[in-house]
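Below: one structure, written as structure tokens.
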Amino acid sequence: MSTEPGSRSADEARRESLHVGMVMLDIRGRILFWGPKAEEILGWDAAQTVGRPLAGLLPAEHPAPGRDVLRALLARRTWNGRFAVCHRDGHTVELRCRAELFPAPGGPARVLAILLENARYEAVEQSLATLDGLFTASPLGIAVFDADMRYVRVNDALSRLGGIPAAELLGRTVLDVLPPEMARRLHRLQGEVLRTGQPLTDLVIPSPDGLGARSVSMGRLTDRAGRPLGVVNIILDITERRDVEGKIERARQRLALLDDVGGAIADLLDVRRIGETLANALVPRFADLAGVELLSGVVAGGEPPTAHERASGPLSQIGFASRAHHPVLEPRLRRDEQGGSFEPNAPFLRPVLDTGVPYLGETRTELLAATAGDPDVASVLHELNVNSLITVPLRARGTVLGLLVVTRSGDRHAFDRDDLALAMELTARAGITLDNARLYARERDAALTLQRSLLPQTLPEQPGVQFAHRYVPGSQGTEIGGDWFDVIPLVGGRVAFVVGDATGHGLHAAAAMGRLRTAVRTLAALDLRPAHLLSRLNDAGRDIAPRLSDPLMATCLYAEYDPLSRQCTLAKAGHLPPVLIQPDPTTGRWAASQLDLPSGAPLGVEGVPFEEVRMEVPEGSVLVLYTDGLVEARDRDITAGVDSLCALLGELTGPGVSLEGICDAVIDRLPAASDGQESDDVALLAARLGRLPADRVANWTFPADPALLATVGEAVVGRLRDWELGSLADPALRLVDRLAAGAMEHTAEPVAVRMVYGASLMIEVSAPAGGAMGQDGGELLLAAHRARRWGTRHGPIGHALWFELALPER
């Protein structure tokens, strides 16, 4: 095998070989030369065959050529026939043979036998015309050289290939007839083959005229004793094959480009990212410069023209790529970066936009003629040294959305009709993707609008607790999810924090999220414990689900905080536990850690109980609730994301750091935002847990004596005046008087009265053994009419009835 640079491997040669074996015999049938292809066909190598009679390889059970062959050679100098030969591994190989008798100067005549494996011959018979006379009619050029590497025999095919008559070749060397550089190389290789006996196969060289290509194979000729007699060259014209291979390679490259572009833009859902990706995929593989322009109205989210309307209006460049920097394009690019648009007045833009017919400028002359009326465009094309240009409409559903413009410059091969066909296929795929992105953006905007309208617009002011929140919709390549959060004031100055994530994306997820939030608020008004609330919410999931066939699946975390006792009670349904930031009692520094909560199944899973955890938190601690989009990234485990969040919060949090600053820092360092990945929705809620001031709470215990009702009223009114809430004295006094009277009437135990001045005014009357309610329910009816909210619960000493009054506007 040749080791020259550019030569092909042995495997490639075997795949493309015609399996033509060359054997040189003397007149008695003894093998003088056994070519490498003969070895490949029959398994016998030169060492096993050279010097032996060919008859020794013929099987006894098959008829063998005998004297008829010799007579034919002597009479006609050639013989064609078919016979069987024993393969080295024992089976029989049927061969076709063409033998020619030719004299050797200064020696006996020799027989050159060309062997072809019959099975392969029949497979390639159509492509090789005929092997009727290898040395006279074969397309293979054959040249035999003596030991001095001079031509001693050539066939007609070689003369035709070289354009030199056989008579002018005999007695000369390749140095005398071929171009100098090529001749020196071939002469050197012939010398190596002659010296080493190592054959050379399928060396590709240019044809002497430089317009085609030749394949050269060389083998050494030896006598019986193994002494070198010369070299045989076989030359094949592979110009057509190389042309076909070139066409196949160009077709493969086009298909690869189509596949790569399709794969690059298929999953994109943002028109500008699609434009940039398309332009970058085309340069430099297909073009030196590529621009993707879309109708400005479509870029802004508007509807494209219908199939019966003409595409009009300015264009916006959504993608651009160039093989080299061109200062002449800088003003245009700066304008596009600022979101500008331009009128498509160039001669290769407006007609394509109006008619939808692509434009192909194959030569500089064509481009010069096309831009004769537009000196500015002609100047730009001249500055870029453009030699050809293609403009193709970007279509989708029968309408034109924009244009793709590509150019080639300098000495690069100009665009042709095949390139135009490829560009049209590319834009057909890109147009559908762009239109899908446009439709997706419209639906996404609708879902985002719905979701934002369903999320809290403002958070309540709650004494003793501070809040900050963020909602970040997913990146443009992802659909809106069902992430949500809420802050719900509870009775007695308590407050509930909620965060959740309804599975799915789009409008259905946003609607499910809204129903979940409403259900949580409704259940929270019943003053349920967190675990009980989640259980009731799970029971209601069947009614919340968008379709009966599509049950609701969601995660939720519900936390209740009492600023009076600094008690925090939490329960979760398949959601990530919150992070609590509090002072480390050993070091005094602030530390953030994820709370260890019982694992609860997501909402929608039946038969799994929910558990809650109650803890007392240090004053000033910060509770951070979030959805998985904050800590989850494609290339790392969610646990690592939570650890990173805790580390970040530990660095940021301290007595002087605002909750708004914490939220901003956390959002800025989202995992997906930092590595360019598409991000999911994120809901983030941070709450600083403080204490309700002691002067905002009042507690009294009175004996169950109706004569003390006036004393109860005086205590309530006095405290309201202290709080500057005198305007609430009348309704509060009416309610307290009725509730306390009912409680004292039905119990002999002391009656407790508690007032909490928080986001509203809460007054609670409790007594043992249900004394807080009269038998006729009149207290409840009065509370329902006069209070903003009311209810019953287990109070400090027993059953309690409470009501809330809205604070007067200040």
Side-chain angles (χ1 to χ4, degrees), residues 2 13 16-25 31-38 40-41 73 76-80 95-105 109-116 121 124 127-174 177-178 182-183 186-187 189-190 193-194 199-205 207-208 212-222 228-239 241:
S2 173
E16 298 181 9
S17 172
L18 295 175
H19 292 268
V20 179
M22 182 178 293
V23 177
M24 185 73 74
L25 308 171
I31 299 171
L32 302 178
F33 169 76
W34 187 265
K37 288 298 181 180
E40 184 175 330
I41 295 171
L73 287 173
R76 298 187 300 272
R77 306 183 65 85
T78 62
W79 175 83
N80 287 311
L95 299 177
R96 287 177 180 259
C97 174
R98 177 176 178 84
E100 181 164 343
L101 181 69
F102 63 91
R110 287 166 172 72
V111 177
L112 175 63
I114 304 301
L115 307 178
L116 296 96
Y121 171 83
V124 299
S127 62
L128 289 180
T130 180
L131 295 178
D132 180 59
L134 184 58
F135 218 87
T136 57
S138 170
L140 299 172
I142 303 173
V144 179
F145 298 82
D146 61 16
D148 295 325
M149 292 182 291
R150 297 182 180 278
Y151 288 95
V152 295
R153 178 68 171 170
V154 297
N155 66 350
D156 294 340
L158 182 66
S159 297
R160 291 193 299 270
L161 287 174
I164 304 174
E168 297 181 15
L169 293 175
L170 297 180
R172 306 172 72 183
T173 69
V174 293
V177 298
L178 296 179
M182 181 191 304
L186 291 177
H187 194 267
L189 293 174
Q190 284 180 325
V193 171
L194 188 63
L200 175 66
T201 304
D202 199 19
L203 172 66
V204 178
I205 61 173
S207 59
R214 305 284 187 264
S215 172
V216 179
S217 297
M218 302 179 186
R220 187 173 70 175
L221 300 175
T222 60
L229 298 177
V231 177
V232 60
N233 285 11
I234 298 179
I235 298 92
L236 176 65
D237 185 355
I238 60 171
T239 303
R241 188 187 77 185

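Nearest heavy atoms, L73 versus A99: CD2-O, 3.7 Å. Counting all heavy atoms, side chain and backbone alike, G21 lies closest to I41 at N-CD1, 3.9 Å. Between A143 and L158, the closest heavy-atom pair is CB-CD2, 3.3 Å. When every heavy atom of R153 is checked against every heavy atom of L170, the shortest pair comes out as N-CD2, 3.8 Å. Minimum interatomic distance between A213 and T239 (heavy atoms only, all atoms of both residues): N-OG1, 2.9 Å. Closest of all the heavy-atom pairs between G212 and S207 is N-OG, 2.9 Å.
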From CA spacing to verdict: side chain to side chain contact (heavy atoms under 4.5 Å, CB included), K37, V20: CA-CA 6 Å; K37 288 298 181 180; V20 179; 5.6 Å; no
For R110 and L229, run side chain to side chain contact (heavy atoms under 4.5 Å, CB included): C-alpha distance rounded to whole Å, both residues' side-chain angles, the deciding distance at 0.1 Å, then the answer. CA-CA 12 Å; R110 287 166 172 72; L229 298 177; 3.5 Å; yes
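Looking at V216 and L200, their side chains never come closer than 4.5 Å, going by heavy atoms from C-beta outward. Taking the side chain as every heavy atom from C-beta outward, F102 and V152 never approach each other to under 4.5 Å. For the pair N233 and Q190, the minimum side-chain heavy-atom distance is below 4.5 Å.
For the atom pair CG of N80 and CD1 of I114, the computed distance is 11.0 Å after rounding to the nearest 0.5 Å. Going from atom CG of L116 over to atom CZ of R96 covers 8.5 Å, rounded to the nearest 0.5 Å. Note: Y151 OH to I164 CD1 = 7.0 Å, rounded to the nearest 0.5 Å. Note that CG of L189 and CE of M218 are 5.0 Å apart. Values are rounded to the nearest 0.5 Å. Taken to the nearest 0.5 Å, the CD1 atom of I142 stands 5.0 Å off from the CG atom of N155. Interatomic distance, CG of L221 versus CE of M22, reported as 8.0 Å (0.5 Å rounding).
Judged by distance alone, the side chain of D146 and the main-chain N or O of D148 form a donor-acceptor pair under 3.5 Å. Panel note: side chain R220, backbone L194; a donor-acceptor pair is recorded below 3.5 Å. With hydrogens and angles disregarded, a donor-acceptor distance shorter than 3.5 Å links the side chain of S159 to the backbone of A166. Side chain of T222 to backbone of L32: a donor-acceptor contact under 3.5 angstrom is found.
With sequence neighbours excluded, no residue forms a ring pair (Phe, Tyr, Trp, His ring centres under 6.0 Å) with F33. D237 pairs by the salt bridge (Lys or Arg N to Asp or Glu O under 4.0 Å) definition with R214, not counting sequence neighbours.
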